[in-house]
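The structure appears below as structure tokens.
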Amino acid sequence: MVVLFETLRQCTEEVTSSNIKAIGYAPIIPSGKLIVIMKNSPNVAYYYHNVPMFVYDNFMNSDSKGKFFINEIKSKFKFERIEQGKETW
């Protein structure tokens, strides 16, 4: 299966953060996929697997997106790095 960067980017919304550009969520059964695009690498989407909806909700409602990402997501969920123009089949 190919996950295209542009498809992921379209599923995100920009957020107010010094480090994170956009966040999105795909409620795929049985578990969701979280999409994070960083400001320092806007052509790369990090696609986190098996993220519960409540984690996404808490992330979107957090006062500090960067701190929440580091403490609650970054090392707790497996992810794929999808780079624009370098998607694999």
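As a basis for the values below, the full set of heavy atoms in this structure was taken, side chains included, without hydrogen atoms, waters or symmetry mates.
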Yes or no on side-chain contact (heavy atoms from CB on, under 4.5 Å) for Phe59 and Leu34, after CA distance, side-chain angles and deciding distance? CA-CA 10 Å; Phe59 190 17; Leu34 179 71; 4.1 Å; yes

Could you give me the CA-CA distance, side-chain angles and deciding distance for Val15 and Met60, then say whether side-chain contact (heavy atoms from CB on, under 4.5 Å) is met? CA-CA 8 Å; Val15 294; Met60 292 301 287; 3.9 Å; yes

CA sep, side-chain torsions, deciding dist, call: Ile20, Met38, side-chain contact (heavy atoms from CB on, under 4.5 Å): CA-CA 4 Å; Ile20 297 171; Met38 307 302 278; 3.9 Å; yes

Should Tyr46 and Ile73 be marked as a side-chain contact (heavy atoms from CB on, under 4.5 Å) after you check the CA-CA gap, both sets of side-chain angles, and the distance that decides it? CA-CA 11 Å; Tyr46 295 91; Ile73 297 168; over 6 Å; no

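Aromatic ring centres of Phe79 and Tyr47: separated by at least 6.0 Å.
Contacts of Lys39 classified as salt bridge (Lys or Arg N to Asp or Glu O under 4.0 Å), with partners at least two apart in sequence or in another chain: none. Residues satisfying the side chain to side chain donor-acceptor pair (under 3.5 Å) criterion with Lys65, sequence neighbours excluded, are absent altogether. Annotation: side-chain contact (heavy atoms from CB on, under 4.5 Å) contacts of Ser64 (sequence neighbours excluded): Lys67. Take Pro52 and apply the side-chain contact (heavy atoms from CB on, under 4.5 Å) test, not counting sequence neighbours, and it matches Phe54, Val55, Phe77. With sequence neighbours left out, the salt bridge (Lys or Arg N to Asp or Glu O under 4.0 Å) criterion links Glu14 to Lys21. For Met53, the side-chain contact (heavy atoms from CB on, under 4.5 Å) partners two or more places apart in sequence, or in a different chain, are Tyr25, Tyr56, Asp57.
Of the possible polar contacts, one joining the Ser17 side chain to the Asn19 backbone as a donor-acceptor pair under 3.5 Å is found.
Remark: Ile35 CD1 to Tyr48 OH distance equals 12.0 Å, nearest 0.5 Å. The line from OG of Ser62 to CG of Asn71 is 10.0 Å long, rounded to the nearest 0.5 Å. Considering CG of Asn50 and NZ of Lys76, their distance stands at 15.0 Å, rounded to 0.5 Å.
When all heavy atoms are compared, the tightest approach of Ala22 to Thr12 is CB-OG1, 3.5 Å.
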